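First up is the structure itself, then whatever we jot down about it.
This structure is a prediction, so every number in the text was calculated from the model and none was measured. The first residue in the sequence is number 1, and the count goes up from there.
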Amino acid sequence: MVSYLDPNLKVFSLNSNPELSKQIAEHIGIQLGKCLVSSFSDGEIQISIEESIRGSEVYVIQSTSYPVNKHLMELLIMIDALKRASAKTINVVIPYYGYARQDRKARSREPITAKLVANLLETAGASRILTMDLHAPQIQGFFDIPVDQLLSVPILSEYFLSKKLKDVVVVSPDHGGVTRARKMADRLKAPIAIIDKRRPRPNVSEVMNIIGDIEGKTAIIIDDIIDTAGTITLAANALVERGAKKVYACCTHPVLSGPAIDRIQASAISELVVTNTIPLPEHKKIDKVVQLSVAPLVGEAIIRIHEKLSVSSLFN
């Protein structure tokens, strides 16, 4: 491991994704900072930072994944502790930004939780946010501090290029994901198709139509989040019914809650490729699921931010 020499750069990990945090620290060439996260008997979170961070530029890594509320509170309490310990900057690395799906009022009397979480992070004392594939890019505008959004499309595209697939078509599972599908299609030099679906209620979707030529082709469905896997498995089965030769699926954030694994196992999906923004417990590590690491990308972004270099080149 190459040692990163600037002692003012410190990286801390909380409990959501310690393995990813370890990989990021190894890529940078530093040891993770020492902190203890524990709970009082009534469940209140207690955090103790066990080294001086006065005047340091601190990066704290925490995905707000399951259990979402606990991991979010850990992050907010850690930010408060860092602020009170006189950190120079508090850079919050959130590989998976939870509560992002409620980014607008789709119906009357609904909250906008993506904005609420942004307010909480800023009020706690965050100086900058570094995240991956926000559910909606406009969430960056909910913050009044700098936000760097990294993209997983280059990582996922590189994997599929290495497989040397023939007659590929990249499929967006809905109209909202067309930009993401176009970025992958450009890298794979492939056409795109779009699934026209409707969502009668949360976590339930119905395929209405498929726009584009998928007959006899190898389809790659790309999404940002797979939660209960209802949308992605319905899409895969519809593609096969309409003549697709083989179906792969990929996403950045493998939430994979409830019946997701059973649905994927029983579906027409040959392989599901995900990243490690959210760790996969053992019961979700099935043969169909391949997990790629975002640690080199996030680690490089941290180095560039710390050295005040451009981060935009990493988007490519």
Side-chain angles (χ1 to χ4, degrees), residues 1-14 16-33 53 56-65 75 78-79 82 87-98 100 117-118 121-122 126-159 180 183-184 187 224-225 251-254 274-279 291-316:
M1 181 176 79
V2 178
S3 178
Y4 192 82
L5 299 177
D6 189 347
N8 281 327
L9 172 63
K10 294 187 183 288
V11 178
F12 288 88
S13 172
L14 297 177
S16 71
N17 204 334
E19 184 55 38
L20 174 59
S21 300
K22 183 181 171 189
Q23 291 175 19
I24 291 168
E26 285 176 356
H27 180 84
I28 297 169
I30 60 174
Q31 297 290 326
L32 284 171
I53 50 97
S56 297
E57 296 191 14
V58 177
Y59 293 77
V60 55
I61 302 167
Q62 176 85 327
S63 279
T64 47
S65 52
L75 180 56
M78 180 65 167
I79 294 169
L82 292 167
K88 183 181 178 183
T89 60
I90 302 167
N91 304 279
V92 182
V93 182
I94 312 177
Y96 169 63
Y97 185 89
V117 171
L121 291 166
E122 283 193 49
S127 310
R128 174 186 290 269
I129 304 294
L130 175 62
T131 188
M132 296 253 343
D133 279 319
L134 289 167
H135 184 62
Q138 65 266 23
I139 291 171
Q140 295 172 83
F142 293 172
F143 290 88
D144 291 321
I145 57 176
V147 178
D148 291 302
Q149 180 193 205
L150 302 176
L151 305 176
S152 69
V153 165
I155 296 169
L156 297 170
S157 300
E158 198 61 39
Y159 176 81
R180 189 181 300 108
K183 285 176 180 173
M184 175 174 272
R187 288 175 174 275
D224 62 327
I225 299 169
C251 76
T252 309
H253 309 299
V274 302
T275 76
N276 62 344
T277 58
I278 300 172
Q291 194 166 38
L292 309 175
S293 180
V294 299
L297 179 63
V298 177
E300 189 61 32
I302 289 172
I303 291 170
R304 284 171 176 263
I305 291 166
H306 183 68
E307 295 183 351
K308 298 173 178 56
L309 301 172
S310 170
V311 178
S312 60
S313 61
L314 296 176
F315 301 162
N316 300 318

Checklist entry - Which pair of non-hydrogen atoms, one from Ile278 and one from Gln291, has the smallest distance, and what is that distance? => result O-NE2, 3.2 Å

Checklist entry - So, does Ser16 use its side chain to make a donor-acceptor pair with the main chain of Gln62 at under 3.5 Å? => result no

Next on the checklist: Can a donor-acceptor pair be found, under 3.5 Å and without considering hydrogens, that links the side chain of Ser127 to the backbone of Thr89?
Outcome noted: no

Item to check | Euclidean distance, Asp148 CG relative to Ser312 OG, rounded to 0.5 Å | outcome: 9.5 Å

Next on the checklist: Side chains of Leu156 and Thr275, heavy atoms from C-beta outward: is any pair under 4.5 Å?
Outcome noted: yes

Checklist entry - From Gln31 CD over to Lys22 NZ, what is the distance, rounded to the nearest 0.5 angstrom? => result 10.0 Å

Checklist outcome for this item: Separation between CZ (Arg180) and OG (Ser152), nearest 0.5 Å, reads 8.0 Å

Checklist entry - What is the ring orientation for Tyr97 with Phe143, classed by angle as parallel under 30°, tilted 30 to 60°, or perpendicular over 60°? => result perpendicular

Checklist entry - For the atom pair CG (Leu297) and CG (Leu150), what is the distance rounded to the nearest 0.5 Å? => result 4.5 Å

Item to check | Minimal non-hydrogen separation, Asn17 against Pro279, with atom names | outcome: ND2-CD, 3.4 Å

Next on the checklist: Quick check on side-chain contact (heavy atoms from CB on, under 4.5 Å): which of Val93, Ile28, Val92, Ile24 does Tyr59 satisfy it with?
Outcome noted: Val93

Checklist entry - If every non-hydrogen atom of Leu20 is compared with every non-hydrogen atom of Pro95, which pair is closest and at what distance? => result CD2-CG, 3.8 Å

Checklist entry - For Gln138, does the CD atom have more than 12 heavy-atom neighbours from other residues, nucleotides or ligands under 6.0 Å away? => result yes

Checklist entry - When you measure from the side chain of Ser56 to the backbone N and O of Val58, does any donor-acceptor pair fall under 3.5 Å? => result no

Item to check | Closest non-hydrogen atom pair, Gln23 against Ala295 | outcome: CB-CB, 3.4 Å

Checklist entry - Which distance, rounded to the nearest 0.5 Å, do you find between the CG of Leu75 and the CD1 of Ile94? => result 5.5 Å

Checklist entry - CG/Leu82 to CG/Asn91 distance, rounded to the nearest 0.5 angstrom? => result 10.0 Å

Checklist entry - Hey, mind stepping through Leu151 and Asp133 against side-chain contact (heavy atoms from CB on, under 4.5 Å) and telling me if it holds? => result CA-CA 5 Å; Leu151 305 176; Asp133 279 319; 3.5 Å; yes

Checklist outcome for this item: Smallest heavy-atom separation, Thr277 atom then Ser63 atom, equals O-OG, 2.7 Å

Checklist entry - For Glu19 and Asn276, what are the C-alpha separation, side-chain angles and deciding distance, and is it a side-chain contact (heavy atoms from CB on, under 4.5 Å)? => result CA-CA 9 Å; Glu19 184 55 38; Asn276 62 344; over 6 Å; no

Next on the checklist: Using side-chain contact (heavy atoms from CB on, under 4.5 Å), reason through Tyr96 and Ile225 one step at a time and then give a plain yes or no.
Outcome noted: CA-CA 9 Å; Tyr96 169 63; Ile225 299 169; 4.0 Å; yes

Checklist entry - Minimum heavy-atom separation for His27 to Pro296, with atom names? => result NE2-O, 3.5 Å

Checklist entry - Between the main-chain N or O of Pro137 and the side-chain N or O of Gln149, is there a donor-acceptor pair closer than 3.5 Å? => result no

Item to check | side-chain contact (heavy atoms from CB on, under 4.5 Å) between Val294 and Met132, worked out | outcome: CA-CA 9 Å; Val294 299; Met132 296 253 343; 3.9 Å; yes

